[in-house]
Amino acid sequence: MDINSKKVVIMMATYNGEKYIQDQIESLQNQTFTNWELYISDDNSTDRTVDIIKNIQNKEDRIKKIIRNDSSYHGAYANYFNILYYVKKNCSKYDYYFYCDQDDVWLPNKIEDEVKGLVNIENKYSRTTPAFVYCDLELCDPKCNPIHDKMSNHIRTQFIKNPYNNFFKEQYVWGTSMAHNIALWNLLFIEDPNKVGNIVTHDGYISRYAAVYGKIKYISKPLILYRRTNNNVSGTPGTYKIISQKLLKLPTLIRNAANVYWGSLYFAYHVPKETTVIKDLKKCFRSGKNIRKFFIKYNILKNERVLGKLSTNVIMYTKLYKFVFPFNQNKIKYR
């Protein structure tokens with residue numbers, strides 16, 4: 001089979017990325033897999049980001065569309081839902097779906113290796129089976145020089161080992177590392193960002209569908225140079241060196257937890273089909289007595305650090321996330 005017979009779409013969200021956007025797009029152009037198309041949502045950049053993309057687009061017909069996030073919500077989460085919604089509503093179907101940050105560099109075989117992983121899942125099961133693949137990332141400095149560290153060194157339990165952890169911590173799958181097939185895409189409930197707001201992460205949301213409905217493959221070699229800058233939305237999972245450091249970060253911990261929990265609830269009430277996991281998840285968030293049951297039944301955060309588990313449990317049991325980051329309950333309605 002000619003791997004390039006498959007058709008890939010890449011979705012990218014940008015904002016003031018003039019320093020790095022050309023490197024990222026050039027890394028797409030240097031892929032061994034060539035049958036891809038790129039759609040971009042820009043969140044009203046005030047620098048030269050859009051001009052740079054347009055200049056590249058003049059010579060690159062695989063950059064199909066640059067749209068602007070004109071919703072009432074701004075930020076990386078809403079911006080990604082803006083491009084997701086556009087592609088879902090306006091574009092023809094693709095075989096495989098990829099997501100791209102503006103400031104990293106994809107290694108030349110990134111798309112090819114992940115497409116092969118998805119094809120292997122489909123060959124083993126069927127093309128109608130939701131398939132999801134993700135890879136490791138090589139951590140780099142702002143100039144994209146590797147710092148001899150990998151994301152996997154900072155993750156105690158890989159997503160593939162227990163994907164249900166993702167309902168409570170989004171430190172297992174990074175959007176730029178993941179891809180999935182059309183069968184999973186067809187399951188996704190995607191709304192206009194005006195309805196979703198700026199609270200649901202695209203990678204956390206999509207990987208939850210993979211956790212419940214999909215077959216998952218992990219590629220343990222890094223396929224991305226993951227540039228760490230002062231403007232990254234996501235970070236490297238931290239280590240708990242001393243309690244005082246984490247106590248100082250308590251408001252941030254609670255806010256991050258609120259994003260994750262509301263994202264899990266949004267997912268649970270918009271799934272195409274209820275499963276036992278979905279029913280149990282809803283019960284977990286409704287009543288404190290069901291939290292322990294869910295954590296035990298699904299081995300949630302079993303291998304995480306003590307303080308990580310403690311902070312999750314405290315925030316869950318006290319429901320602090322409802323107060324520090326109030327979310328419009330009307331957004332969470334079963335479709």
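Values below: all heavy atoms of this structure, side chains included; hydrogens, waters and symmetry mates excluded.
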For a quick test of reading the model, state the closest non-hydrogen atom pair linking [X] to [Y] and the distance between them.
X: A268; Y: V271; result: O-CG2, 3.6 Å
X: T157; Y: K161; result: CG2-CB, 3.9 Å
X: F159; Y: Y134; result: N-OH, 3.2 Å
X: S71; Y: Y73; result: OG-O, 2.7 Å
X: V105; Y: S27; result: CG1-CB, 3.7 Å
X: K217; Y: G117; result: CD-CA, 3.7 Å

Check: [Y] main-chain N/O paired with [X] side-chain donor or acceptor under 3.5 Å:
X: N194; Y: S72; result: yes
X: N79; Y: G75; result: no
X: N82; Y: A78; result: no
X: N259; Y: V200; result: no
X: Q31; Y: I111; result: yes
X: K124; Y: V119; result: no
X: D104; Y: R227; result: yes
X: S207; Y: D203; result: yes
X: N198; Y: H74; result: yes
X: T49; Y: E18; result: yes

Heavy-atom side-chain proximity of [X] to [Y] below 4.5 angstrom:
X: E138; Y: Y226; value: no
X: M12; Y: L38; value: yes
X: Q57; Y: I66; value: yes

Run the side-chain hydrogen bond (donor to acceptor under 3.5 Å, both in side chains) test against [X] and tell me which residues pass, sequence neighbours left out.
X: T46; value: N16
X: Y99; value: H180
X: D141; value: N145

Restricting to ring-ring contact (aromatic ring centres under 6.0 Å, His included), what partner residues turn up for [X], sequence neighbours left out?
X: F294; result: F168, Y298
X: Y205; result: F81, Y209, Y266
X: Y15; result: none
X: Y96; result: none

If you round to the nearest 0.5 Å, how far is [atom2] of [Y] from [atom1] of [X]?
X: K59; Y: Q29; atom1: NZ; atom2: CD; answer: 10.0 Å
X: Y77; Y: T201; atom1: OH; atom2: OG1; answer: 6.0 Å
X: L137; Y: N153; atom1: CG; atom2: CG; answer: 11.5 Å
X: E114; Y: L223; atom1: CD; atom2: CG; answer: 6.0 Å
X: D136; Y: S152; atom1: CG; atom2: OG; answer: 3.5 Å
X: K116; Y: N120; atom1: NZ; atom2: CG; answer: 9.0 Å

Excluding sequence neighbours, so at least two apart, what forms side-chain contact (heavy atoms from CB on, under 4.5 Å) with [X]?
X: K293; result: N290
X: I182; result: K93, Y97, N186
X: T34; result: N4, R62

Does the side chain of [X] pick up a donor-acceptor pair with the side chain of [Y] at under 3.5 Å?
X: S45; Y: D42; result: yes
X: D101; Y: Q24; result: no
X: Q102; Y: T14; result: no

task = Flag this pair as yes if the NZ/CZ of K6 is under 6.0 angstrom from the six-membered ring centre of W36 and inside a 45 degree cone about the axis; otherwise no.
result =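 No - K6 does not lie over the ring of W36 by the 6.0 Å and 45° rule.
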
task = Is it possible for you to check whether K282 lies under 6.0 Å from the centre of the six-membered ring of Y269, through NZ or CZ, and within 45° of that ring's axis?
result =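 Relative to the ring axis of Y269, which defines the angle, K282 lies inside both limits.
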
message = How about NZ on K64, more than 12 heavy atoms from neighbouring residues, nucleotides or ligands closer than 6.0 Å, or not?
response =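 It does: K64 NZ has more than 12 such atoms within range.
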
inquiry  = Surrounding NZ of K19 (heavy atoms of other residues, nucleotides or ligands, distance under 6.0 Å), is the total greater than 12?
reply    =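 No, NZ of K19 has 12 or fewer neighbouring heavy atoms, counting only those of other groups under 6.0 Å.
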
What about [X] and [Y], same hydrophobic cluster or not, with Ile/Leu/Val/Met/Phe/Trp/Tyr joined at side-chain heavy-atom distances under 4.5 Å?
X: L265; Y: F267; value: yes
X: I10; Y: L225; value: no
X: I160; Y: L184; value: yes
X: V50; Y: I52; value: no

ask   = In the hydrophobic clustering (ILVMFWY, side-chain contacts below 4.5 Å, transitive), which residues join I121, or is it alone?
value =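 I121 clusters with Y125.
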
request  = Would you please name every residue forming a salt bridge (charged side-chain N to carboxylate O under 4.0 Å, His left out) with R127, sequence neighbours left out?
outcome  =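 Salt bridge (charged side-chain N to carboxylate O under 4.0 Å, His left out) list for R127, sorted by chain: D95.
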
ask   = Salt bridge check: are D43 and R68 linked by an N-O gap of less than 4.0 Å?
value =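 The answer is no: the pair does not qualify as a salt bridge.
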
